[in-house]
Amino acid sequence: MLFTRLPFWIFFTILLAFYSILYRRNVLRNAYLFIFSLFFYWKSGGHFFTILVFSTIVDYTLGQLIYSSRPEWKKKLFVGLSVFVNLSLLAYFKYAYFFIDVVNDIFGSNYQVVDLLALWTNQITGSSFNVTNIILPVGISFFTFQTISYSVDVYRGKVKPVKNIVDFGFYVSFFPQLVAGPIVRAAEFVPQLYKKYQLKKAEFGKALFLILNGLLKK
């Protein structure tokens with residue numbers, strides 16, 4: 001789903017229509033935008049949708065553990081686990097071919113890359129995705145570093161953990177920057193989840209200008 005194509009603007013129009021009813025209720029607003037953001041990513045990334053959900057569950061849980069743990073070493077352990085899981089996932093999709101080639105060159109082996117996500121999806125759902133090529137998931141770099149940012153900011157005390165997994169999912173999957181960036185720090189985004197809605201005329205004008213300017217450049 002591309003920002004410059006008609007399907008996106010149909011999606012965006014429907015979203016705004018109901019958002020205009022819910023925007024003053026933070027809980028409903030966050031849940032509503034989370035659902036639409038998941039739908040947007042599903043239409044943009046297909047079965048990679050499961051990776052986004054996995055990262056959301058893992059880092060929401062680790063964020064709670066980081067905040068509630070008392071000994072400093074436990075906090076560091078959970079932060080390290082968050083970084084390890086996220087970077088391992090990113091490295092698999094971005095550098096699997098590189099690592100396999102290095103191993104084959106050094107040991108004279110003939111290992112082949114296997115897309116494990118496609119393989120597991122085929123086994124579970126009976127689909128027929130190609131397992132011999134690893135395709136880089138849409139926006140994985142952006143949401144990977146956003147989830148790491150959340151864990152680090154909670155550890156440093158820059159932000160308190162979100163109240164529920166829906167709010168965290170909204171932070172991770174917010175569709176305007178999910179597939180194209182920029183990476184948003186948790187300390188900047190999370191507090192806005194619980195603020196009372198307000199929009200000045202000048203802010204609306206600036207936002208409209210930036211959107212139109214971006215479309216013209218596209």
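FYI, the numbering just counts along the sequence from 1.
Taking OH of Y95 as the reference point, atom CG of L136 lies at 9.5 Å (rounded to 0.5 Å). Note: K163 NZ to K160 NZ = 10.0 Å, rounded to the nearest 0.5 Å. To the nearest 0.5 Å, the span separating CZ on R5 from CD1 on I10 amounts to 13.0 Å. The structure places NZ of K75 at 12.0 Å from OG of S151, a figure rounded to the nearest 0.5 Å. Summarising the geometry, atom OH belonging to Y60 is positioned 14.5 Å from atom OG belonging to S82; distances are rounded to the nearest 0.5 Å. From N26, atom CG reaches atom CZ of R29 across 4.0 Å, with rounding to the nearest 0.5 Å.
Put simply, the residue from F170, F11, F175, F18 that forms a ring-ring contact (aromatic ring centres under 6.0 Å, His included) with F36 is F11. Each of F189, F168, Y67 was checked for a ring-ring contact (aromatic ring centres under 6.0 Å, His included) with Y150, and the lone residue meeting it is F168.
Looking at every heavy atom in both residues, P161 comes nearest to V154 through CG-CG1, 4.2 Å. Contact detail for D153 and A187: the closest heavy-atom pair is OD2-N, 3.1 Å. Closest approach of S69 to F78, counting heavy atoms only: OG-CE1, 3.2 Å. Across V159 and A186, no two heavy atoms sit closer than the pair CG2-O, 4.3 Å. V138 and F143 get closest at one heavy-atom pair: O-CE2, 4.0 Å. Heavy atoms only, all atoms of each residue included: T61 and I57 are closest at OG1-O, 2.8 Å.
Both F98 and I135 belong to a single network of hydrophobic side chains, linked directly or stepwise wherever heavy atoms of I, L, V, M, F, W or Y lie under 4.5 Å apart. Side-chain heavy atoms closer than 4.5 Å link hydrophobic residues (I, L, V, M, F, W, Y) into clusters, and following such links, even through other members, never connects I124 to I51. Residues L210 and F204 do not share a hydrophobic cluster, clusters being chains of Ile/Leu/Val/Met/Phe/Trp/Tyr side chains in contact below 4.5 Å. Linking Ile, Leu, Val, Met, Phe, Trp and Tyr residues whenever their side-chain heavy atoms come within less than 4.5 Å places V58 and L87 in a single cluster. Linking ILVMFWY residues whenever their side-chain heavy atoms come closer than 4.5 Å, directly or via other members, places I165 and V85 in the same cluster.
Counting only distance, with no hydrogens or angles, the side chain of R70 and the backbone of S68 share a donor-acceptor pair below 3.5 Å.
Residues L52 and S173 have side chains in contact (heavy-atom distance under 4.5 Å, counting atoms from C-beta outward). The shortest side-chain heavy-atom distance between V79 and L62 does not fall under the 4.5 Å cut-off. Between L90 and S141, some side-chain heavy-atom pair lies under the 4.5 Å cut-off. Taking the side chain as every heavy atom from C-beta outward, Y171 and F34 never approach each other to under 4.5 Å.
Counting only N and O atoms by type, the side chains of D59 and N86 include a donor and acceptor under 3.5 Å apart. At a cut-off of 3.5 Å, with distance as the only test, no side-chain donor of Y194 or N30 sits close to an acceptor on the other residue. There is no side-chain donor-acceptor pair under 3.5 Å between Q192 and Y197. Between the side chains of Q177 and Q146, at least one donor N or O sits under 3.5 Å from an acceptor N or O.
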Checklist line | Residue pair L15, L33: steps toward the side chain to side chain contact (heavy atoms under 4.5 Å, CB included) verdict | finding: CA-CA 8 Å; L15 181 146; L33 291 175; 4.1 Å; yes
Notebook entry, point to check: Are Y41 and V53 close enough, and set up right, to give a side chain to side chain contact (heavy atoms under 4.5 Å, CB included), and what steps lead you there?
Noted result: CA-CA 10 Å; Y41 190 76; V53 174; over 6 Å; no
Margin query: F99 vs Y92, test: side chain to side chain contact (heavy atoms under 4.5 Å, CB included). Steps then yes/no.
Written below: CA-CA 9 Å; F99 290 138; Y92 170 74; over 6 Å; no
Margin query: Quick one, F174 with L178, criterion side chain to side chain contact (heavy atoms under 4.5 Å, CB included). Give me CA distance, side-chain angles, the key distance, then yes/no.
Written below: CA-CA 6 Å; F174 190 40; L178 176 61; over 6 Å; no
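Counting heavy atoms of neighbouring residues, nucleotides and ligands inside a 6.0 Å radius, atom CZ of F54 does not exceed 12 of them.
Below 30°, between 30° and 60°, or above 60°: for F39 and W42 the angle between ring planes is between 30° and 60°, a tilted geometry.
Hydrophobic cluster of L77: the remaining members, joined at side-chain heavy-atom separations below 4.5 Å, are W73, listed by chain and number.
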What donor-acceptor contacts under 3.5 angstrom involve side-chain atoms of residues 103-114, with partners at least two apart or in another chain?
from: N104; atom 1: OD1; to: S109; atom 2: OG; distance (Å): 2.7
from: N104; atom 1: OD1; to: Y111; atom 2: N; distance (Å): 3.0
from: N104; atom 1: ND2; to: I100; atom 2: O; distance (Å): 3.4
from: N104; atom 1: ND2; to: Y111; atom 2: O; distance (Å): 3.0
from: N110; atom 1: OD1; to: Q112; atom 2: NE2; distance (Å): 3.2

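Applying the side chain to side chain contact (heavy atoms under 4.5 Å, CB included) rule to L216 yields no partners; only residues at least two apart in sequence or on another chain are considered.
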